[in-house]
S.K.: 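Dropping a structure here in C-alpha cells format, bear with me for questions.
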Amino acid sequence: MEQNVKQVTALKKEKLKKINALGINPYPTNCQRTHEIVELINNEEKYLADKQFVQITGRLTAMRRQGKIGFAVLTDSTAKIQIFVKKDGVGEENYEVFKLCDLGDFAQIDGICFMTERGQYSVLAQKVTILGKGIRPIPVVKEKEVDGQKVRYDEFTDIELRYRKRYLDLLLNPENKATFIKRSEIITFTRNYLNDQGFIEVETPTLQPLYGGANARPFMTHHNTLGTDLYLRIATELYLKRLIVGGFEKVYEIGKNFRNEGMDRTHNPEFTSIELYQAYSDLDGMMHLTEELFSQASLLVNGTTTIPFGDHEIELKTPWRRATMLELIQEHTGEDFSDFDFERLSAYCTKNHIEIPNGAGAGKLVAQIFERFVEDKLIQPTFVTDHPKEISPLAKGKPGHPELTERFEIFIATNEYANAFTELNDPIDQRERLEAQAKLKELGDQEANMVDEDFLEAMEYGMPPTGGLGIGIDRMIMLLTNNTSIKEVILFPTMKPE
RNA sequence: GCAUCUGUAGCUCAGUUUGGCAGAGCAGCUGACUCUUAAUCAGCGGGUCUAGGGUUCGAGUCCCUACAGGUGUACCA
C-alpha cells in the first residue's frame, strides 16, 4: 500500500535534487506577496487596464502544460486564478523551474493580469518561484462546469480519511472548509453578543480535584509533583458560580468539556460548551438570551432563520414554544403525572419497557418517560421547562411545586442544545441535594454528582439569585450548518488509533 | 456495549451474485504540443485486494476471527 507512495516520493526527491542543482532553494525563507488573489478577481477590469505588476502566492491546484507554454491554477485562502507561463515570457531557466513544479506545490507568481486569447482572466507570469515543494502524491479533484453547475470528478470523499487527514479534507473540499469558517463566525458572534451586554469572559480549571456540574463519567489523570489524581472537567458550572459569589455579575466561559462516555453522531469525548451566569437574572432572561443567540447567529451565517436540518425545516424565529415537561408528556402519552405518584409511574414504565434505575424516585421516572415518548417528537425549537428536582440538583425549586425546578432545556430536531436554570443559591438546600446525589453514587449511579465542599462553602458566604445557561457549541454549529454528525464540525474528532 | 453495512492502486470506483491471469478513470513517469481550462495524443510504471486463519486443485470472491470506519440503537450534551 505504501510502496507506490514511496516510489512517487522517491521521484519527487529526485526533482528536489534537480531544483537544488539549479541553485534554487525549494523551501525559501521568505517570499513577496503584493495581493491576495480575491483582490485580483474582484477588480478584474482595474487590473486588466492597469497592467500592474503583481506578486501572488498559493498552492498549484491544476496544471496543464503543453510544450513551451503551460497553464496552472494558483489557489490561496481567498480565491484561485489561472496562471499562464510562457517559455518566452519567463526565460529558459525559469521555465525549467516551472516544469519542476508539481500539483500541490506552493509557489509565488510574479506577473501581470491579462486576458488569454480564449478570454480567460489570468496572470501572465514573469517569474515562477517555488515556495514549498511537496514530496507526497496529493489527491486531485477536478471540476467542470456543465450548464452552470459545477461537476466534480474524483472527489476526496472517504469519511474516515477526511477525519483522520483533515488537512486534505479542507484542501480538497471547500464546502467543508466553509463549515469551519462558519464555526468561527458563530463563536465570534456569541462572544461579541455577550461582551456587548457586559459579560466578561473567564477561564476556569480544566484539571479539577473533584468533578461536577453535570451528570457524566469523567476522564482521570495524575499530577506527578502533587502526587494526586485530577479529573478533566465535565462542566464549568461550579467554578463559574464561585465567580458569581466573588462578585462578578455576568460571566461566561467557552471551552472544552470531557466526558468519558460513548461516541456517536452527536457525542464526542471532548466537546465545546459555553456556560454563562448572570446575577439577578432568571429563567426568562436565559430563554430570551438563548433565542436571540440562535436566531441571530443563523441570520449571520445563513441570512435567514428558516434553515434545513437533515430531513427537517427548522424555524428559529423568536419567540420559541414553551411547554413544561409534564404538559409535553400528557400531550404525547395522554397521561397526567403531575401528582408524581411513584406507583403509577413505575407501573407505566414497566408496561412500556422503560428501565427503572436503582434508587430512582418519581422525578427520575418522569424524566425517563419524557425521553422515551417526547424527545423524538420535538422538531421545532421548544423550551422544555419545569424539570423534576430529583434530576436537577443545581437548580432552584419552583415555588409551590416541591417536585419541580425552575429549569429548561431547548430541543430542536429531537436533540438537546441548551440547559438552563434559575440557579440554586440556598446553601442548605444545595448541601442536601448534593448529599442525595452522593447516595445515588453509592447505589451505583456512576454519573451522579459528588459533594464538593469547597463549592458549598462558597455558597455559604452568600450567592445572589442567578440565571445560568449552558449551550453545546458543537451542536449549535451542527444545526446552523446543517451537519448531522458532530465529527463534521470538529476539526479533529476523536478517532481510534489506526 | 449491541445490531448491521463497508474496507480492492495516491484519489474515485468496477470486479464478490455463479471461486478460474488484478481492472478502469484521474494522479505519476517518458515523449509530442505556444491559448489550455476534467487540455489532448502515444507509450510506461504502480497492488500484502485491511490483517490473520480456514475450505478448495485454485480465494479479491465462500467460511471464521480480529482491526478500522459508516449507520441504527443504549448511556449522554
Side-chain angles (χ1 to χ4, degrees), chain A residues 1-12 14-15 61-73 80-89 95 102-104 114-122 124 134 136-146 150-165 168 172 213-217 234-235 257-275 355 357 368 371-372 409-411 415-419 445-447 470-476 478 484-487 493 495-498:
Chain A
M1 187 171 167
E2 286 290 306
Q3 190 165 10
N4 192 22
V5 176
K6 277 180 188 160
Q7 289 171 352
V8 175
T9 297
L11 278 163
K12 294 212 175 201
E14 285 303 311
K15 281 192 180 177
T61 52
M63 194 78 89
R64 297 179 289 276
R65 268 192 286 256
Q66 44 185 110
K68 298 183 183 64
I69 65 167
F71 298 88
V73 173
K80 59 185 176 183
I81 194 165
Q82 179 171 272
I83 306 302
F84 184 36
V85 186
K86 285 165 78 172
K87 198 170 186 176
D88 292 350
Y95 198 75
D102 290 316
L103 277 174
F114 84 118
M115 198 63 88
T116 64
E117 285 175 17
R118 294 285 177 89
Q120 173 73 50
Y121 181 52
S122 306
L124 178 62
R136 186 178 276 269
I138 194 164
V140 177
V141 177
K142 296 204 170 189
E143 224 172 55
K144 181 192 185 182
E145 286 221 3
V146 180
K150 276 190 179 165
V151 182
R152 293 169 76 186
Y153 300 84
D154 301 312
E155 285 190 277
F156 183 75
T157 52
D158 186 285
I159 291 174
E160 187 176 353
L161 274 180
R162 284 185 42 233
Y163 297 155
R164 289 191 192 276
K165 313 286 179 194
L168 292 177
L172 301 167
N215 295 348
R217 278 147 61 191
I234 60 171
N257 290 332
F258 305 86
R259 297 190 186 175
N260 208 339
E261 289 165 348
M263 297 161 59
D264 61 29
R265 70 183 205 293
T266 56
H267 296 85
N268 196 65
E270 58 178 296
F271 65 100
T272 303
S273 77
I274 177 168
E275 283 192 39
E355 189 200 351
Q368 302 266 77
E371 284 170 23
R372 171 79 164 72
E409 291 177 302
I410 182 69
F411 282 87
N415 290 315
E416 185 193 338
Y417 289 83
N419 184 18
D445 184 349
Q446 291 181 291
E447 289 165 1
I471 299 173
I473 291 282
D474 307 292
R475 288 187 180 180
M476 180 184 184
M478 287 165 63
T484 53
S485 169
I486 199 169
K487 288 186 167 72
M495 305 285 281
K496 283 193 190 176
E498 285 180 277

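Every chain is numbered from 1, with letters handed out A, B, ... down the list of sequences.
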S.K.: Any base atoms under 4.0 Å from A:L168, or only sugar-phosphate, or nothing? Heavy atoms, all strands.
M.R.: nothing
S.K.: For B:A68, take OP1 and OP2 only and decide whether either is under 4.0 Å from a side-chain N or O of A:K496.
M.R.: yes
S.K.: Looking across every strand, which nucleic acid part, if any, lies under 4.0 Å from A:N268 by heavy atom: base, sugar-phosphate, or nothing?
M.R.: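 Base contact - A:N268 has a heavy atom under 4.0 Å of at least one base atom.
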S.K.: Just jot down the salt bridge (charged side-chain N to carboxylate O under 4.0 Å, His left out) partners of A:K12, sequence neighbours excluded, or say none.
M.R.: A:D102
S.K.: Under 4.0 Å, heavy atoms only, any strand: does A:Q368 hit a base, just the sugar-phosphate, or nothing?
M.R.: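 If one applies the 4.0 Å heavy-atom cut-off, A:Q368 turns out to touch nothing in the nucleic acid.
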S.K.: State whether the aromatic ring of A:Y417 stacks on the base of B:A77, taking stacking to mean ring centres under 5.5 Å apart and ring planes under 30° to each other.
M.R.: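 Stacking is absent between B:A77 and A:Y417, given that the ring centres and planes do not meet under 5.5 Å and under 30°.
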S.K.: Pick out the pairs of N or O atoms, protein on one side and nucleotides 29-34 of chain B on the other, that lie under 3.5 Å.
M.R.:
| from | atom 1 | to | atom 2 | distance (Å) |
| --- | --- | --- | --- | --- |
| B:C29 | OP1 | A:K15 | NZ | 2.6 |
| B:C33 | N3 | A:G67 | N | 3.1 |
| B:C33 | N4 | A:G67 | N | 3.1 |
| B:U34 | OP2 | A:K68 | N | 3.4 |
| B:U34 | N3 | A:D88 | OD2 | 3.2 |
| B:U34 | O4 | A:D88 | OD1 | 2.7 |
| B:U34 | O4 | A:D88 | OD2 | 2.7 |

S.K.: Hey, are the side chains of A:V85 and A:R65 touching, using non-hydrogen atoms and a 4.5 Å cut-off?
M.R.: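 Not touching, per the 4.5 Å side-chain cut-off.
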S.K.: Can you find an N or O donor on one side and an acceptor on the other, under 3.5 Å apart, linking the side chain of A:D264 with the base of B:G72?
M.R.: no
S.K.: A:R265 near the nucleic acid: base, sugar-phosphate alone, or nothing, with a heavy-atom cut-off under 4.0 Å?
M.R.: sugar-phosphate
S.K.: Looking for any heavy atom pair under 4.0 Å, which part of the strands does A:S273 touch: base, sugar-phosphate only, or nothing?
M.R.: nothing
S.K.: Students often get this wrong, so: under 4.0 angstrom with heavy atoms, is A:Q120 touching a base, only sugar-phosphate, or nothing?
M.R.: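 Counting heavy atoms under 4.0 Å across all strands, the contact made by A:Q120 includes a base.
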S.K.: Among all residues two or more places apart in sequence or in another chain, which pass the side chain to side chain contact (heavy atoms under 4.5 Å, CB included) test with A:K150?
M.R.: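 A:E143, A:E145.
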S.K.: Reckon A:E155 touches a base, only the sugar-phosphate, or nothing at all at heavy-atom distances under 4.0 Å?
M.R.: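 Sugar-phosphate, backbone atoms only, no base.
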S.K.: For a quick check of understanding: with a heavy-atom distance under 4.0 Å over all strands, which category does A:K144 fall into, base, sugar-phosphate or nothing?
M.R.: base
